[in-house]
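Only heavy atoms go into these numbers, but all of them, side chains included; no hydrogens, no water, no symmetry mates. Sequence lines set the chain letters: A, B, ... in the order given, protein chains first and strands last, and positions in each chain run from 1.
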Number of protein chains: 2
Amino acid sequence: MEQQTQGEGFSPDTAATRLHRELRTRLCEGDFAPGDLISIRRIATEYGTSAMPAREAVRWLVTEGALVFSDSRKIRVPELNRERFHEVLFARKSLETEVSRQAFPRLTAADLVELEGIDARINAAIEAGDMQAYMRGNHRFHFLIYRRSRSRVLLPLVELLWLQYGPSMRQIGTRWGASRIADDHHRDVTHALSRGDREGFCNAIAADIEQGMRLLE
Amino acid sequence: MEQQTQGEGFSPDTAATRLHRELRTRLCEGDFAPGDLISIRRIATEYGTSAMPAREAVRWLVTEGALVFSDSRKIRVPELNRERFHEVLFARKSLETEVSRQAFPRLTAADLVELEGIDARINAAIEAGDMQAYMRGNHRFHFLIYRRSRSRVLLPLVELLWLQYGPSMRQIGTRWGASRIADDHHRDVTHALSRGDREGFCNAIAADIEQGMRLLE
DNA sequence: CGCTGCAAGATGTGATCACATACGTGTGAT
DNA sequence: ATCACACGTATGTGATCACATCTTGCAGCG
């Protein structure tokens with residue numbers, strides 16, 4: 001059993017890889033809307049590269065389920081129907097409570113401070129009705145926690161779920177206004193963390209995700 | 001909310017896609033050993049295509065974690081250390097018990113017969129010490145169940161885990177002989193199914209996976 | 001006999017071209 | 001005015017070449 005220093009996620013620093021990462025975070029943070037058309041050549045010119053890296057990055061996102069073929073030869077951001085979106089949230093709850101349980105003992109006091117800072121910015125974004133800032137903050141809030149789990153197996157799966165979750169959540173949020181998402185459970189998360197209450201912490205994460213499910217009704 | 005008939009996994013029938021599927025099942029069924037070197041051009045000539053489709057298929061497998069970069073410019077089947085392999089099995093238990101729970105009410109009497117048939121072939125493979133046949137049978141046993149869940153979200157995640165699980169399990173099995181894996185819980189699975197015992201069914205699946213964890217000690 | 005060094009091959013990446021097909025538009029006829 | 005056909009454009013896919021880098025193997029020298 002060798003060094004195994006660079007787990008699975010390692011890829012050489014190449015143009016295609018950079019583009020892939022860039023598009024991934026943009027998807028998770030809701031920069032794209034469901035139904036948006038994605039063109040390989042357009043992405044290429046947009047980022048100043050040849051078509052080759054864009055082609056690889058886009059095709060990777062398709063295999064990850066972050067993009068789909070709509071008709072033949074048309075790649076777009078998927079529009080999740082209610083059932084599918086519910087499935088994603090259900091899977092998120094299952095995986096992310098587990099990841100949170102593993103992350104909990106590794107979270108430091110500095111992490112708690114940073115989480116509270118992010119939460120403050122999230123609330124400001126909701127107040128201002130800035131959906132993009134809300135999405136970015138929410139993404140960073142959760143993944144600051146999940147990264148601490150050091151899980152090289154579950155964490156990539158959670159990222160895949162967020163790739164599907166991002167665009168549809170942005171759509172739902174912008175469509176129904178920020179008021180409906182105001183009662184997130186981030187405060188419960190940070191409180192449980194400061195109390196050292198592991199199960200309360202996991203339950204708050206689960207409740208935060210379940211609250212997203214209730215948005216569907 | 002359109003038709004959404006072809007969920008996420010849809011890809012046009014292209015050379016790269018076919019190669020990708022082929023290599024995926026070969027990995028899940030243990031055709032490759034951890035540490036095996038994968039060359040894009042070699043795969044290309046092996047399957048009679050240009051380098052382009054092989055390049056895409058291999059790179060997709062890298063983004064899925066089924067293959068890794070070892071040194072720079074060297075792609076190989078990953079060797080999971082004990083901790084990592086345990087993580088994969090832990091994630092498998094978490095996801096596959098859930099998928100099994102969703103699949104249970106959809107399993108038919110014909111499915112039960114087919115599962116028993118596969119189980120018989122698995123036992124014959126163990127008897128004969130045919131690790132490859134065991135791997136193939138085990139893969140088909142589990143995924144016949146999981147496909148019935150109709151989950152387009154959790155099922156792809158389970159497949160990702162098997163892509164990592166396959167090669168290392170094959171290695172462990174061939175190294176330690178088939179005797180150690182003889183006491184799988186497939187019989188408990190089919191029995192619980194014939195009794196209509198949903199929780200017993202899920203528990204048998206979980207026990208089957210946990211038995212794999214015990215092989216590590 | 002052993003070590004050094006250079007050359008040849010192999011590898012992944014990026015770029016460019018050819019190709020088949022789908023879509024949009026504009027022009028022509030009716 | 002309306003419909004039909006055709007041409008041009010845009011798309012993803014496949015193939016091929018160039019390039020930088022790394023490995024391998026063999027020859028030449030000490």
Mind checking whether B:W60 and B:H20 have parallel, tilted or perpendicular rings, split at 30° and 60°? perpendicular
Minimum-distance nucleotide to [X] side chain [options: [options]]:
| X | options | answer |
| --- | --- | --- |
| A:K74 | C:dG14, C:dC23, C:dT13 | C:dC23 |
| B:F69 | C:dT13, D:dT16, C:dT16 | C:dT13 |
| B:A15 | D:dT13, C:dT16, D:dG14 | D:dG14 |
| A:S39 | C:dT13, D:dT11, D:dT13 | D:dT11 |

Specify the separation, in whole Å, of atom [atom1] of [X] and atom [atom2] of [N].
| X | N | atom1 | atom2 | value |
| --- | --- | --- | --- | --- |
| A:L67 | D:dG12 | CG | P | 11 Å |
| A:I40 | C:dT21 | CD1 | P | 18 Å |
| A:L19 | C:dA15 | CG | C1' | 15 Å |
| A:L37 | C:dA22 | CG | P | 16 Å |
| A:R73 | D:dA10 | CZ | C1' | 10 Å |
| A:E56 | C:dA15 | CD | P | 11 Å |
| B:D13 | C:dA20 | CG | C1' | 15 Å |
| A:H20 | C:dT13 | NE2 | P | 13 Å |

Flag side-chain contact, heavy atom, 4.5 Å: A:V68 against A:I75: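 No - every pair of side-chain heavy atoms lies 4.5 Å or more apart.
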Below 4.0 Å: OP1/OP2 of D:dA10 and any side-chain N or O of A:R42: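 No, because none of the side-chain N or O atoms of A:R42 sits under 4.0 Å from OP1 or OP2 of D:dA10.
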Does a side-chain N or O from A:T49 land closer than 4.0 Å to OP1 or OP2 of C:dG14, or not? no
Side chains of B:R148 and B:Q102: do they bring a donor and an acceptor to under 3.5 Å? no
Can you find a side-chain donor-acceptor pair between B:D208 and B:H142 that sits under 3.5 Å?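 Their side chains do contain a donor-acceptor pair, which is all the 3.5 Å distance test asks for.
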Assert: residue with more 5' nearest nucleotide on DNA chain D, out of A:I38 and B:M52, is A:I38
Could you tell me whether the side chain of A:R55 has a donor or acceptor atom within less than 3.5 Å of a complementary atom in the base of C:dG14? no
Check this for me: does the side-chain of B:R41 come within 3.5 Å of the base of C:dG9 through a donor and an acceptor?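 Check fails, no donor-acceptor contact within cut-off.
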Pi-cation contact, A:F32 with A:R170 (under 6.0 Å, within 45°): no
